[in-house]
2 protein chains.
Amino acid sequence: MPLTDGSFKNKKVISIGTVSELTGLSERQIRYYESRKLIFPERSKTGLRKYSFQDIETLIEIANRLEDGVWTNEIRKELKGRKQLAKDPGFTNQLIKGQLNAQIKM
Amino acid sequence: MPLTDGSFKNKKVISIGTVSELTGLSERQIRYYESRKLIFPERSKTGLRKYSFQDIETLIEIANRLEDGVWTNEIRKELKGRKQLAKDPGFTNQLIKGQLNAQIKM
DNA sequence: CGTGTAAGGAATTCTGACACG
DNA sequence: CGTGTAAGGAATTCTGACACG
């Protein structure tokens, strides 16, 4: 199965510092939007937040809505409208292949 | 301009620990392949390596070739065959928009 | 050649809180 | 409400080196 690019978009692998650079938002803001239930990063085993490119797009959208004077409560409702579709259609499979190979090697 | 998914694939935003988890390779191996000129991560301002999803695919490929008993020197040649095409066709533009908005807001 | 590891330091991220408003 | 900051601690990453082979 060919690797469809859509696989990357929802893979949570970016740390908060990088997200901050990419979006222009402060880490404080990014964490706050999470507490407001606008974004849902995953956590590494040790608790570090991990974001996807999709999250970054959502964050930019959130920043734009806030500029318009919209409250996070309202933004949450707006965001709920757009269902986040199928995640991970293929990429993990490829990764597993790579890891299996690595294992078998041992 | 709509955001083409290809934009994500070449964006260097993943740190080495995450790459290690995703590929099953040790950080030592990943850094070594860089010293062998097989992969070319970018660096954050403070020197931390950042990889793209494309790099991850390449790493899995490298691991597979090594299992076949191929030397890094040879793998480098093989990799050179496949030109890494256009990077960043659009994503950065969108990010800049978000950041500009953020700036203007101030 | 390719990879593991201990070593010391630098950079990152986390949480809870005080602050302003 | 949304965001800044200082505080202390925990987790991550970096480089150069010794080791095996």
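Chain identifiers are assigned alphabetically (A, B, ...) following the order of the sequence lines, protein sequences preceding nucleic acid strands; residue numbering begins at 1 within each chain.
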*So which one's nearest nucleotide on DNA chain D is more toward 5', A:Val70 or B:Glu21?*
A:Val70

*Could you please name the option among C:dG2, D:dT3, D:dT15 that lies closest to any side-chain atom of B:Arg36?*
C:dG2

*Just how far is it from atom CZ of A:Arg28 to atom CD1 of A:Ile16, taken to the nearest 0.5 Å?*
11.0 Å

*Any idea which of C:dG2, D:dT3, C:dT13 is nearest the A:Tyr32 side chain?*
D:dT3

*From the list C:dT13, D:dT3, C:dT3, which nucleotide is the closest neighbour of the side chain of A:Arg31?*
C:dT13

*Counting side-chain heavy atoms from C-beta on, which of D:dT13, D:dT3, C:dG4 comes nearest to A:Tyr33?*
D:dT3

*Going from CG on B:Asp55 to CZ on B:Arg49, what distance comes out if it is rounded to the nearest 0.5 angstrom?*
12.0 Å

*In whole angstrom, what separates B:Glu42's CD from D:dC14's P?*
14 Å

*Are any side-chain N or O atoms of A:Thr18 and backbone N or O atoms of A:Ile14, one a donor and one an acceptor, separated by less than 3.5 Å?*
no

*asked:* Measuring from the side chain of A:Arg43 (C-beta onward, heavy atoms only), which nucleotide among C:dC14, D:dT13, D:dG2 has the closest atom?
replied: C:dC14

*Take atom CD of A:Glu34 and atom P of C:dT15, then tell me their distance rounded to the nearest Å.*
8 Å

*What is the nucleic acid contact for B:Ser44, judged by heavy atoms within less than 4.0 Å: base, sugar-phosphate only, or nothing?*
nothing

*Check the pair B:Phe8 / B:Phe53 against ring-ring contact (aromatic ring centres under 6.0 Å, His included), numbers first and verdict last.*
CA-CA 8 Å; B:Phe8 304 122; B:Phe53 280 110; 8.4 Å; no

*Where the side chain of B:Thr46 is defined as all heavy atoms beyond and including C-beta, which of C:dT15, C:dT12, D:dT15 is the nearest nucleotide?*
C:dT12

*In whole angstrom, give the distance that lies between atom CG of B:Leu59 and atom C1' of C:dG2.*
15 Å

*Kindly point out which of C:dG2, C:dC14, C:dT12 is positioned nearest to the side chain of A:Ile16?*
C:dC14

*What is the distance from CD1 of B:Ile62 to P of C:dG2, rounded to the nearest Å?*
11 Å

*B:Ile30 has an atom CD1; how far is it from atom P of D:dT12, in whole Å?*
14 Å

_Pairing check on D:dA7: which nucleotide meets the Watson-Crick or G-U wobble criteria with it, both distances under 3.5 Å?_
C:dT15

*Any donor-acceptor pair under 3.5 Å linking the side chain of B:Ser15 with the backbone of B:Gly17?*
no

*Can you tell which of C:dT15, D:dG4, C:dT5 lies closest to the side chain of A:Arg28?*
D:dG4

*Rounded to whole angstroms, how far apart are CD on B:Glu27 and C1' on C:dG4?*
13 Å

*Between D:dG2 atom C1' and A:Glu74 atom CD, what is the distance in whole Å?*
16 Å

*Expressed in angstrom and rounded to an integer, what is the separation of A:Glu67 atom CD from D:dG2 atom C1'?*
14 Å

_Whether B:Arg49 contacts D:dT15 is assessed here as follows: a side-chain N or O lying under 4.0 Å from the phosphate OP1 or OP2. Is that the case?_
yes

*What's the closest nucleotide to the B:Ser15 side chain, out of C:dT3, C:dT13, D:dT13?*
D:dT13

*Give me the one residue out of A:Ile60, A:Val70, A:Thr72 that meets side-chain contact (heavy atoms from CB on, under 4.5 Å) with A:Arg65.*
A:Val70

